[in-house]
Amino acid sequence: MTLSQIVERYLAIAGGFGYLAALADFGLEKNEVERLFGMLDEDYHISRYLHFSQATGTSYYINGFDQTHITVDSEIESVL
């Protein structure tokens with residue numbers, strides 16, 4: 001899945017930039033969510049636009065932290 005595809009799916013789930021989207025709603029297997037979002041979180045040029053949070057819902061282990069949701073800043077469009 002490309003970054004553009006991830007952003008498109010995020011927008012479909014969240015309804016717009018800056019809104020929470022449950023990681024479970026991306027429709028991926030648990031290990032795929034953890035691998036994919038873990039890689040994005042490690043890339044400085046991308047991760048500064050991604051904000052993970054822990055709320056109610058399915059938890060994913062991303063780079064040492066349990067996370068359930070993500071918020072994406074609109075500025076990510078500059079790296080697409």
Side-chain angles (χ1 to χ4, degrees):
M1 183 177 287
T2 67
L3 180 59
S4 293
Q5 292 170 320
I6 293 168
V7 171
E8 285 176 24
R9 191 168 294 181
Y10 163 79
L11 291 171
I13 295 165
F17 289 111
Y19 295 102
L20 279 179
L23 293 169
D25 291 346
F26 280 80
L28 303 170
E29 296 292 327
K30 183 177 177 80
N31 64 336
E32 184 67 10
V33 169
E34 292 173 343
R35 184 190 69 77
L36 182 61
F37 285 99
M39 287 182 354
L40 295 175
D41 190 44
E42 291 175 357
D43 185 325
Y44 170 75
H45 298 290
I46 297 172
S47 67
R48 58 188 167 162
Y49 306 116
L50 308 178
H51 309 284
F52 294 97
S53 59
Q54 175 75 34
T56 304
T58 304
S59 188
Y60 298 87
Y61 194 69
I62 299 175
N63 292 336
F65 298 95
D66 287 326
Q67 308 289 0
T68 59
H69 289 75
I70 188 169
T71 303
V72 179
D73 297 336
S74 62
E75 291 81 9
I76 199 166
E77 291 180 309
S78 68
V79 297
L80 296 180

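We're numbering straight along the sequence, starting at 1.
The two residues N63 and E42 come nearest to each other via the heavy atoms OD1-OE2, 3.2 Å. A21 approaches I13 most closely through the heavy-atom pair CB-CG2, 3.6 Å. In terms of heavy atoms, G16 sits closest to Y19 at O-CD1, 3.3 Å. Across all their heavy atoms, M1 and L36 have their closest contact at SD-CD2, 4.1 Å. Nearest heavy atoms, E34 versus I62: CA-CG1, 4.4 Å.
L40 and Y61 are members of different hydrophobic clusters when ILVMFWY side chains are connected at heavy-atom separations under 4.5 Å. Using a 4.5 Å cut-off between side-chain heavy atoms of Ile, Leu, Val, Met, Phe, Trp and Tyr, with links allowed through other members, I70 and M39 fall into different hydrophobic clusters. Y49 is not connected to L20 by any chain of hydrophobic side-chain contacts under 4.5 Å among Ile, Leu, Val, Met, Phe, Trp and Tyr, and they are in different clusters.
When each of D41, V33, L23 is tested with Q67 by the rule side-chain contact (heavy atoms from CB on, under 4.5 Å), just one qualifies, namely L23. The ring-ring contact (aromatic ring centres under 6.0 Å, His included) with F37 is formed by just one residue from the set Y60, F26, F65; it is F26.
Residues passing the salt bridge (Lys or Arg N to Asp or Glu O under 4.0 Å) test with R35, sequence neighbours excluded: E32.
Here the straight-line distance linking atom CD1 of I76 with atom CG of D73 works out to 8.0 Å at 0.5 Å rounding. Between L80 atom CG and Q5 atom CD the span is 11.5 Å, to the nearest 0.5 Å.
Between the side chain of K30 and the main chain of S59, a donor-acceptor pair closer than 3.5 Å is present. Between the T68 side chain and the A55 main chain, a donor and an acceptor come within less than 3.5 Å of each other.
Crowding of E29 atom CD: a count of heavy atoms from other residues, nucleotides or ligands under 6.0 Å not exceeding 12.
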